[in-house]
Asks: 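Sharing a structure below in structure tokens format, with a few things to ask.
Both counts, for ligands and for their atoms, begin at 1 and track the order of listing.
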Amino acid sequence: MSTPHVLVVNAGSSSLKYSLVDATTGESPGSGLVERIGESSSTVVHQGPEGESRIDGAVADHEEAFRLALHAFEEHGPSLSDFDVVAVGHRAVHGGELFSAPVLVTDEVTDAIRDLIPLAPLHNPANLEGIAGARTLFPDLPHVAVFDTAFHQTLEPHAWSYAVPRSWATEHGIRRYGFHGTSFSFVSRASAELLGTPLEETNLIVAHLGNGASVAAIHGGRSVETSMGLTPLEGLVMGTRSGDVDPALHAHLHRELGWSLDEIDRELNRESGLKGLAGENDFREVLRLREEGDEGAGLAFDVYVHRLRKYVGAYYAVLGRVDAIVFTGGVGENAALVRSAALSGLEPLGIQVDAELNDVRSETARLVSSERSRVAVAVVPTDEEWEIARQAVDLIG
Ligand code: AMP
């Protein structure tokens, strides 16, 4: 087969997601997930032409996880040799100020990702493990790192600066970076296609609402503002993250309750958000409990929607002219109620959701605004793997 394919890799601390992606169509003939790396009972669940197959075994590290993935391709297909695999594309989380575009992985690049570990202490080490394992197993292929922060490197200083002593930024990199950039890049291009306008002339507010969630103001294809900051904790209410809180909260909890900084960090990242308010981080569960009249779930939904609405209003003002408000991610693509609730009553701003269109379930990009709405409202499914494959192919030419 002659179309270029990329093996897209997303390495977590104990997991490895891989997908062979046709960079031209986004189709994936084979993919899988290795879980519990480093434990005695690892598994790989592989999707190939025969459907799903599962291999159990002990996988010590990411290099072995790649061996198992290769074994899965050999055993269950498709055979990698049947495809024109031109690169390995790595999802990399934090590129700091160093990376504003995808890069070919070299030793200098891995050193730089290592230097950025203080900014992403969980993610960057896992990404490095994945890169090292893949480089060992695929020494002859170019490896491309695509950073989640890169898309937001177009933010101007007034948007990325915190109002703290300037030396914090210049000496320690304390500033807003933003995340979900691969998704925003994919969705902004797909949205312009849906609207039939050139990306360079299209202004968008894109809400990526998944388990993690953030919103971005995108002016002519360039990110000008986004809700996540130095870390992915800032901004919207998420599955287990609080999003915005008073920055004095840490000091207060430490002083009054004696909690350590690590405990507070853990509570805000893992026990807050929907989970904190409703006891459930899965949005479907929150909706179900809310339907049953559960008070916590009702509050969680209301806080979630209210926060989102505040950001939409703020980003409307940042952009001045908005062509479309776009929803993506598991919640954004599926929860019609979130879309309608977040935008209800905004007709004076030219925003009007069509109730019927909004309720239609579909996996394709679509408009859900009424004909009279000056600002389009759209649902655009994201595809971060395709975006990584495309960026990798663009880079290597
Ligand atoms: P993601 O991280 O993009 O995979 O999104 C995961 C989130 O999407 C979880 O909170 C899911 O509960 C939520 N989600 C998936 N499907 C639906 C649905 N049909 N309705 C509401 N939320 C959904």
Side-chain angles (χ1 to χ4, degrees), residues 8 10-12 15 17-19 26 28 31-33 35 45 47 91 93 122-123 126 148 151 178-188 190-191 206-216 226-228 232-233 235-243 269-292 294 296-305 307-308 326-343 353 355 357-366 368 378-388:
V8 176
N10 183 356
S15 67
K17 238 174 120 176
Y18 60 88
S19 183
S28 172
S31 62
L33 172 66
E35 283 185 295
V45 176
Q47 303 276 349
R91 173 171 186 230
V93 170
L122 298 178
H123 291 112
D148 243 13
F151 185 69
F179 298 85
H180 290 139
T182 311
S183 176
F184 287 128
S185 173
F186 180 88
V187 169
S188 44
S191 301
V206 180
H208 176 109
L209 310 176
N211 198 24
S214 67
V215 51
T226 191
S227 59
M228 284 179 169
L233 185 58
L236 299 178
V237 176
M238 308 179 214
T240 62
R241 296 189 196 118
S242 61
N269 276 290
R270 305 224 155 267
E271 302 297 336
S272 297
L274 298 172
K275 186 176 179 193
L277 291 172
E280 289 286 348
N281 67 297
D282 189 304
F283 209 89
R284 282 165 294 203
E285 280 302 297
V286 174
L287 289 176
R288 189 183 62 74
L289 290 169
R290 176 178 174 272
E291 277 294 303
E292 289 175 1
D294 183 277
L299 180 65
F301 179 87
D302 292 346
V303 176
Y304 186 98
V305 165
R307 183 83 53 83
L308 176 58
V326 185
F327 291 87
T328 194
V331 176
E333 291 167 31
N334 296 298
L337 196 56
V338 167
R339 300 190 294 260
S340 56
L343 301 182
V353 173
L357 289 178
N358 190 42
D359 280 342
V360 174
R361 295 191 67 86
S362 157
E363 286 180 5
T364 53
R366 61 202 185 270
V368 297
V379 180
V380 177
T382 191
D383 192 336
E384 288 165 275
E385 281 155 0
W386 188 8
E387 181 67 19
I388 290 172

Asks: For Ala335 and ligand 1, does the shortest N/O to N/O distance drop below 3.5 Å?
Replies: no
Asks: Starting at CG of Leu209, measure out to OH of Tyr304 and round the result to the nearest 0.5 Å.
Replies: 4.0 Å
Asks: Look at atom 20 (N) of ligand 1 and find which of Met238, Glu384, Arg284 reaches it with the closest heavy atom.
Replies: Arg284
Asks: Report the nearest protein non-hydrogen atom to atom 10 (O) of ligand 1: residue, atom name, distance rounded to 0.1 Å.
Replies: Phe283 N, 3.0 Å
Asks: I need the atoms of ligand 1 closer than 4.0 Å to a non-hydrogen atom of Asp282, numbered in the order shown.
Replies: 10 (O), 11 (C), 12 (O)
Asks: Show which atoms of ligand 1 fall inside a sub-4.0 Å distance from at least one heavy-atom site of Asn211.
Replies: 1 (P), 2 (O), 5 (O), 6 (C)
Asks: Mind checking whether Arg361 contacts ligand 1 via backbone (N, CA, C, O), side chain (CB onward), both or neither, at a 4.0 Å heavy-atom cut-off?
Replies: side chain
Asks: Starting from atom 13 (C) of ligand 1, which protein heavy atom do you reach first, and at what distance in Å?
Replies: Val331 CG2, 3.7 Å
Asks: Using a plain distance cutoff, I'd like to know if Leu209 has any nitrogen or oxygen under 3.5 Å from a nitrogen or oxygen of ligand 1.
Replies: no
Asks: Are Val368 and Phe327 close enough that some pair of their side-chain heavy atoms sits under 4.5 Å apart?
Replies: no
Asks: Could you tell me the separation between the CG atom of Leu233 and the OG1 atom of Thr240, rounded to the nearest 0.5 Å?
Replies: 9.5 Å
Asks: List the closest protein heavy-atom neighbour of atom 14 (N) of ligand 1: residue, atom name, distance to the nearest 0.1 Å.
Replies: Gly330 O, 3.6 Å
Asks: How many angstroms lie between atom CZ of Arg339 and atom CG of Leu308, to the nearest 0.5 angstrom?
Replies: 11.5 Å
Asks: Below 30° counts as parallel, above 60° as perpendicular, anything between as tilted: where do the rings of Phe151 and Phe184 land?
Replies: parallel
Asks: With heavy-atom distances below 4.0 Å as the criterion, list the atoms of ligand 1 near Gly210.
Replies: 1 (P), 2 (O), 3 (O), 5 (O)
Asks: To the nearest 0.1 Å, how far is atom 19 (N) of ligand 1 from its closest protein heavy atom, and which atom is that?
Replies: Asn334 CB, 3.3 Å
Asks: Kindly give the heavy-atom pair with the smallest separation between Ser19 and Ser28, and that separation in Å.
Replies: OG-OG, 3.0 Å
Asks: Protein heavy atoms near atom 4 (O) of ligand 1, is at least one of them under 4.0 angstrom away?
Replies: no
Asks: State the OG-CG distance between Ser362 and Asn334, to the nearest 0.5 angstrom.
Replies: 10.0 Å
Asks: Side chains of Val215 and His208: closer than 4.5 Å at any heavy-atom pair?
Replies: no
